[in-house]
Asks: 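Provided herewith is a single structure, encoded as structure tokens, for subsequent inquiry.
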Amino acid sequence: MNKAKVVMFFYALGAILSMISIGLFVSVVGATGTQYNTIGFVGIFLSIVALCVVFMQGMKQKKKFVAAGLLGDPEEN
């Protein structure tokens, strides 16, 4: 497997974990009542920020890999 694909896999894994953490913090807000609302809302916000950062970095890296010819259709090369 191409090393560029492994790097992109880790970006995808980071995005998945960020999405899972959003769901986890939504459940903290919904299930525990008012005691942990602040932790839940801060966690949701930070998870969304982390998701955006992972997506932005992944797209930048993908653009670099495509420009270098490491990703894309092998028939085009």
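Just so we're clear, the structure is a prediction, and the values are computed from it rather than from any experiment.
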Asks: For residues 42-60, dump all side-chain donor-acceptor pairs below 3.5 Å to protein atoms at least two apart in sequence or in another chain.
Replies:
residue	atom	partner	partner atom	Å
S47	OG	S21	OG	2.9
S47	OG	G43	O	2.7

Asks: Measuring from K62:NZ to F65:CZ, what's the distance to the nearest 0.5 Å?
Replies: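 So the gap between those two atoms works out to 12.0 Å.
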Asks: In Å and rounded to the nearest 0.5 Å, what is the CZ to CG distance from F10 to L17?
Replies: 11.0 Å
Asks: Is it true that a side-chain atom of N2 and a backbone atom of L70 form a donor plus acceptor pair closer than 3.5 Å?
Replies: yes
Asks: Nearest 0.5 Å, please: how far is OG in S27 from CD1 in I22?
Replies: 12.0 Å
